[in-house]
Amino acid sequence: MEKHYDHSKEGEIYKKWEEGGQFAPKGNGKPFTIIMPPPNANDPLHVGHAMFIALEDIFIRFNRMKGCETLWLPGTDHAGIETQFVFEKKLAKDDKSRFDFDRETLFSLIEKYVKENSDVAVSQMKRLGASADWDRFTFTLDPKVVGFVYQTFEKLHKDSLVYREEKLVNYCTKCGTGYSELEIDHIESQSKLYYIQYGPFVLATTRPETKFADTAVCVHPSDKRYQEYIGQEIEVEGLNGKFKLKVIADEYVDPEFGTGVVKITPYHDHNDFDVWTRHKDEIPEPKQVIGLDGKLTEVAGKFTGMRVKAAREAVVNELRERGLLVKEVDHNNSVGVCYRCKTVIEPLPLPQFFVKVAPLVKNVINSLDSGETTIHGTGREKILRNWLTSLKDWNISRQIVWGIRLPVWYNVDKNPNIRVTFVDQNGNRKIGVLSNLLKEHNLNEISAGLQTLIAPKDSEFIVSADSPGDKFIQETDTFDTWFSSGQWPVVTLSIRDGDFEKFYPTSVMETGYDILPFWVMRMMLLGVYLTGKSPFKDVYLHGLVRDSQGRKMSKSIGNVINPVDMAEKYGADALRMALVMGSTAGQDKSVSEQTIKGMRNFSNKIWNATRFVLEFEGETTEINKDLEVELGGWIKDIEDNLEKLKPGQASEIAYQAFWHGYCDKWIEEAKKGSVGTKQMRDTLEKLLTILHPFAPFVTEACWTQLGKKTHLISTSWPKEV
RNA sequence: GGUUGCAUAGCUCAGUUGGCUAGAGCGUUCGAUUCACAUUCGAAAGGUCCCAGGUUCGAGUCCUGGUGCGACCACCA
């Protein structure tokens, strides 16, 4: 045997497991299932992925050894907006943009790119020792997944849990898509608060350029200054002539801010939109003054066609000239910007598809109350409950190509006012209203070259996976990534016959706490809806991996740890031990290269203890009871902690037991003659077995050194004593 | 503003239903070694378990209040 453990052989060991079919569910024990959180297929793995691989592999290997019929089902995620963003950056390098392609061409370009990245991610997970069942590998855009997601949408629609409605969407006029709230960055901005004369009032606004779309003026219901105006119409001198507006009262207005008078511009401000929905019967339909192109619409009169920023300056100038600007003061506020290009986000009205969540939420709260699902991780269950109780209807429409296209069809005869953008057969980009474009192009040509489509808000639609006829055109929006990944445990187990019945509900959902509301909560909502059962018994939430000083890892600080590099340098076992040892559910974990190096030493310790045992010839044949008892204690402690989902604690016990117990104490005892050859060897075998989930490679390597013909991975967990 | 955590050795953190003479990894200091392993071994230093009350035979652990730090969400006309 070599003097030091050589971790460069880890790849060969993995290959033997894989070729030996060790990862497939076996036997007829109690099923134990983990559905892997699918990594985004747009980037190599980061250390957070290594964390979930380490933890899940521990649970999986432990339960496999315990005799469970164990399934770890892997996959990768198409990661909608994230991936399209990364890909568009690539396009930009070649001086291209998404607008150069029809949606199908763009889709297949991204698909090719993602396939390559997905393969890289898989090989990296293997490098870290993930004993997942790769035969069941699933990608979130596999045809069967898409088919299942379509069925879910149809079911929701049939159950009246899906509706289409015009609401405000956070829209980036540069990127040409709406975003969910999660994809908006907020930055501090030094702007001006303009006090403008508005009929009998002076009101304060930061957005004078949207005044052309004002539909009301609002005050607080108990504001004494303005009681006489509530319910009255006022006449305002505007930049495009005089107009009349109703004065309404709503608690939303803060009397202390500005003058206590607010103009209501429903189509360009979320709060105003809410006010409008509360006062629909008092005030007229909203007007849109900013278009999806970021320019002012014809509503703005002489300002039509100007970009927002220029329009604001022009409007302020004219207000000033005409003496309507009372004063302007500096005002710090935070504005939402596109997390990709940093363009200021415009709230704009767009018809979107929503899922009604209230009926689904109830069932999830029930499954938490009844203990059907337990959340592990300090305080996380409360956070989840808080999310559930404040959840609003879920917008599942995204104006991007890279995702699952909504199975929604519009009849072109009944909906002539659909606006489309498409690339015609000569490669020219055309924009317009469908009924006009159909005079020069046929529907097939438009559908084939389609980029985007916007159907008016009350358009009739049919939900269907396939085209309902030749007079139909398909919605171009795609589903929010989380809509499909929210069905993940159900989908992945519905692909093979028999899997669902056997493995659902799954045992443990292990993932980072940062995606508790976005992913775990959605899986529960849709899982319970689709199957009547919560998709998992336990949720184990790991924390963020931080550097040795507790800082987030980031490229700019330069403290990023690359998991594959570390595995190459110190071995996957060392990396895994460093991540898991002393970690707790729900808490962040600090790791440095130094820590990993320390754990490399542990691998070497195991190797050398094996070397010692192979060379050792003891004098006694008697069984040392103390060692026997101690070993029994170690086995039980580790087992208990793993069953209670405390891998951090379990690994620490394993480390202590092996190094300071077996090596420091008992090997020295053996040298003195109080433990015999056979007992030292038997004890080592059992220790290798219980260490295997934590450090699979080195223990397997030592197992082979001991002359074992079988694989350690498929060995049974030892009985205590 | 709402929700929710954290505070224990120089650093990063464990600490199960209260039983602690409070631990680990990394770091520090001193010493050892042709012995399975210098990727080693032995020893040592280092703690008012944030503060103040309370419950208890007993509190790092439970309760109340305070201080400090963080996370998520919402709002900012």
Side-chain angles (χ1 to χ4, degrees), chain A residues 1-5 7 181-182 186 188-189 191 193-196 203-208 210 214 217-218 252-254 257-265 268-272 275 331-336 377-387 389-392 513-514 516-518 543-544 546-552 570-571 574 577-578 581-584 586-616 637 640-641 644 646 648-649 651-653 655-656 659-660 663-664 667-668 670-671 680:
Chain A
M1 266 179 100
E2 298 294 322
K3 205 170 170 184
H4 291 138
Y5 170 60
H7 64 261
E181 204 53 49
L182 312 178
H186 291 270
E188 284 300 310
S189 144
S191 46
L193 189 59
Y194 301 98
Y195 286 73
I196 58 181
L203 58 75
T205 178
T206 53
R207 303 211 57 185
T210 62
D214 294 348
V217 172
C218 190
Y252 145 71
V253 179
D254 174 6
F257 189 94
T259 59
V261 184
V262 187
K263 68 190 188 68
I264 298 299
T265 321
H268 301 286
D269 182 282
H270 288 102
N271 283 314
D272 291 6
V275 170
H331 179 63
N332 290 332
N333 60 355
S334 82
V335 290
T378 332
R380 301 296 159 182
E381 181 179 333
K382 289 183 189 168
I383 292 176
L384 177 59
R385 284 176 184 272
N386 189 245
W387 269 97
T389 48
S390 57
L391 203 59
K392 289 182 190 151
Y513 67 70
D514 50 332
L516 173 67
F518 316 124
L544 246 60
R546 294 173 176 271
D547 77 357
S548 62
Q549 291 155 63
R551 296 177 302 185
K552 267 190 182 175
Y570 302 109
M577 280 297 282
M581 214 169 108
S583 71
T584 320
Q587 297 299 107
D588 292 349
K589 170 74 183 158
S590 283
V591 168
S592 65
E593 184 164 347
Q594 200 66 252
T595 326
I596 300 166
K597 203 170 164 183
M599 292 303 139
R600 185 270 316 265
N601 298 354
F602 182 58
S603 301
N604 191 55
K605 195 73 185 173
I606 298 172
W607 179 260
N608 271 291
T610 305
R611 202 150 78 93
F612 170 81
V613 166
L614 282 169
E615 290 165 6
F616 175 61
D637 277 358
D640 285 351
N641 276 292
K644 283 190 286 188
K646 300 205 167 212
Q649 195 68 4
S651 59
E652 208 162 323
I653 294 165
Y655 180 98
Q656 294 299 319
W659 197 312
H660 301 301
C663 294
D664 290 353
I667 286 183
E668 295 311 312
K671 286 179 192 169
M680 282 308 283

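Note on naming: letters A, B, ... go to the chains in the order of the sequence lines (proteins, then strands), and numbering restarts at 1 for each one. Every heavy atom of this structure was used, including side-chain atoms; hydrogens, water molecules and symmetry mates were not.
- With both pairing distances under 3.5 Å, B:U34 is matched to nothing as a Watson-Crick or G-U wobble pair.
- The main-chain N or O of A:Arg611 is never found under 3.5 Å from a side-chain atom of A:Asn608 such that the two would form a donor-acceptor pair.
- Judged purely by atom type and a 3.5 angstrom limit, A:Asn604 has no side-chain atom pairing as donor or acceptor with the backbone of A:His4.
- Judged purely by atom type and a 3.5 angstrom limit, A:Asn641 uses its side chain to pair as donor or acceptor with the backbone of A:Asp637.
- Listed candidates were B:G42, B:G25, B:C37. Nearest to the side chain of A:Tyr655 is B:G25.
- For A:Lys3 and B:C37, a side-chain-to-base donor-acceptor distance below 3.5 Å is absent, hydrogens and geometry of angles not being considered.
- B:C63 and B:A7 are spaced 14 Å apart, taking the P atom of each and rounding to whole Å.
- Counting any heavy atom pair closer than 4.0 Å across all strands shown, A:Cys663 reaches a base atom.
- A:Lys646 and A:Thr584 are not linked by any side-chain donor-acceptor pair at a separation below 3.5 angstrom, with hydrogens and angles left out of the test.
- With hydrogens and angles ignored, no donor-acceptor pair under 3.5 angstrom links the side chain of A:Lys382 to the base of B:U4.
- Checking side-chain atoms of A:Lys589 against main-chain N and O of A:Met581 turns up a donor-acceptor pair under 3.5 Å.
- B:G18 sits 16 Å from B:U56 when the P atoms are compared, rounded to a whole Å.
- Backbone-only contact: A:Gly379 has heavy atoms under 4.0 Å from sugar-phosphate atoms and none from a base.
- OP1 or OP2 of B:U39 has not a single side-chain nitrogen or oxygen of A:His7 nearer than 4.0 Å.
- A close approach under 4.0 Å does not occur between any side-chain nitrogen or oxygen of A:Ser548 and OP1 or OP2 of B:C11.
- Going from atom CD of A:Glu668 over to atom P of B:A43 covers 11 Å, rounded to whole Å.
- In terms of position on RNA chain B, the residue among A:Met599 and A:Glu615 whose nearest nucleotide sits closer to the 5' end is A:Met599.
- Of the charged side-chain nitrogens involved, none lies within less than 4.0 Å of a carboxylate oxygen, so that A:Lys597 and A:Glu593 do not count as a salt-bridged pair.
- Rounded to a whole angstrom, the distance from the P atom of B:U21 to that of B:A36 is 39 Å.
- In this entry the distance linking OH of A:Tyr513 with C1' of B:C72 reads 9 Å, nearest Å.
- Per the stacking criterion (ring centres < 5.5 Å, plane angle < 30°), A:Phe616 does not stack onto the base of B:A36.
- A:Gly648 comes within 4.0 angstrom of no nucleic acid atom, judged by non-hydrogen atoms across all strands.
- Between the A:Thr389 side chain and the A:Arg385 main chain, a donor and an acceptor come within less than 3.5 Å of each other.
- For the pair A:Lys605 NZ and B:A36 C1', the interatomic distance rounds to 8 Å; values are reported in whole Å.
- Among the heavy atoms of the strands lying under 4.0 Å from A:Asp254 is at least one base atom, whether or not backbone atoms are also near.
- Put simply, CG on A:Leu516 is 18 Å from P on B:U3, counting in whole angstrom units.
- Rounding to whole angstrom units, NZ of residue A:Lys646 and C1' of B:G15 are separated by 9 Å.
- For the C1' atoms, the distance from B:A52 to B:U67 is 11 Å, rounded to whole Å.
- Using a 4.0 Å heavy-atom distance criterion, A:Ala609 is classed as a base contact.
- Note on A:Thr378: every side-chain N or O is 4.0 Å or more away from OP1 and OP2 of B:G5.
- Of the candidate nucleotides B:A14, B:C41, B:A77, B:A14 has the atom lying nearest to any side-chain atom of A:Gln587.
- Both geometric conditions, a ring-centre gap below 5.5 Å and a plane tilt below 30°, are not fulfilled together for A:His4 over the base of B:C37.
- When the P atom is compared between B:C49 and B:C35, the two are found 46 Å apart, to the nearest whole Å.
- Nearest nucleotide to the side chain of A:Asn604, out of B:U39, B:G25, B:A14: B:U39.
- When atom types are taken as modelled, the side chain of A:Ser583 and the backbone of A:Gly648 share no donor-acceptor pair closer than 3.5 angstrom.
- Phosphate contact (OP1/OP2 of B:U40, side-chain N/O of A:Trp659, threshold under 4.0 Å): absent.
- Residue A:Asn386 is the one, among A:Asn386 and A:Ile667, whose nearest nucleotide of RNA chain B lies closer to the 5' end (criterion: closest heavy atom).
- Between A:Trp607 and A:Tyr5, the ring planes are tilted. Angles from 30° to 60° get that label.
- In this structure, B:U61 makes no Watson-Crick or G-U wobble pair, since no nucleotide meets both defining distances under 3.5 angstrom.
- Using a 4.0 Å heavy-atom criterion, one finds that A:His660 contacts the sugar-phosphate atoms exclusively.
- Residue-level contact check: A:Glu2 touches neither bases nor backbone, having no heavy atom under 4.0 Å from any strand.
- Note on A:Lys597: nothing from the nucleic acid sits closer than 4.0 angstrom, heavy atoms only.
- Nearest nucleotide to the side chain of A:Gln656, out of B:A24, B:U40, B:G15: B:A24.
- Pair assignment for B:U55: none, as no Watson-Crick or G-U wobble contacts are both less than 3.5 Å.
- Dashed line: the shortest gap from a side-chain N or O of A:Gln594 to OP1 or OP2 of B:G27 is under 4.0 Å.
- Across the strands present, B:G1 finds its partner in B:C73; the criterion is a Watson-Crick or G-U wobble pair with both atom distances under 3.5 angstrom.
- Distances shown here put every side-chain N or O of A:Asn608 at or beyond 4.0 Å from the OP1 or OP2 atom of B:U39.
- Pairing partner, B:A43: B:U29, with both Watson-Crick or wobble hydrogen-bond distances short of 3.5 Å.
- Under 4.0 angstrom from either OP1 or OP2 of B:C37 there lies at least one side-chain N or O belonging to A:Arg611.
- The nucleotide B:G68 finds its pairing partner in B:C6, both defining distances of the Watson-Crick or G-U wobble pair being shorter than 3.5 Å.
- The gap from the P atom of B:A32 to that of B:C51 amounts to 41 Å, rounded to the nearest Å.
- Using a 3.5 Å distance cut-off with no hydrogens or angles, the side chains of A:Ser603 and A:Lys605 do not pair a donor with an acceptor.
- Annotation: B:A74 and B:U3 have their C1' atoms spaced 10 Å apart (nearest Å).
- When the nucleotides B:A77, B:G25, B:U16 are ranked by their closest atom to the side chain of A:Thr595, B:G25 comes out on top.
- For A:Leu193, whose side chain is taken as the heavy atoms from C-beta onward, the closest listed nucleotide among B:U4, B:A77, B:C41 is B:A77.
- Atom C1' of B:U61 sits at a distance of 12 Å from the matching atom of B:U8, rounded to the whole Å.
- Side-chain proximity of A:Phe518 to the nucleotides B:U39, B:A77, B:C73 is greatest for B:C73.
- Nucleotide B:A71 holds its P atom 24 Å from the CD atom of A:Glu381, rounded to whole Å.
- Residue A:Val253 is in base contact, counting any heavy-atom pair closer than 4.0 Å across all strands shown.
- The CG atom of A:Leu203 sits 13 Å away from the P atom of B:A77 (whole-angstrom rounding).
- A:Leu544 has its CG atom 18 Å from the P atom of B:G5, to the nearest Å.
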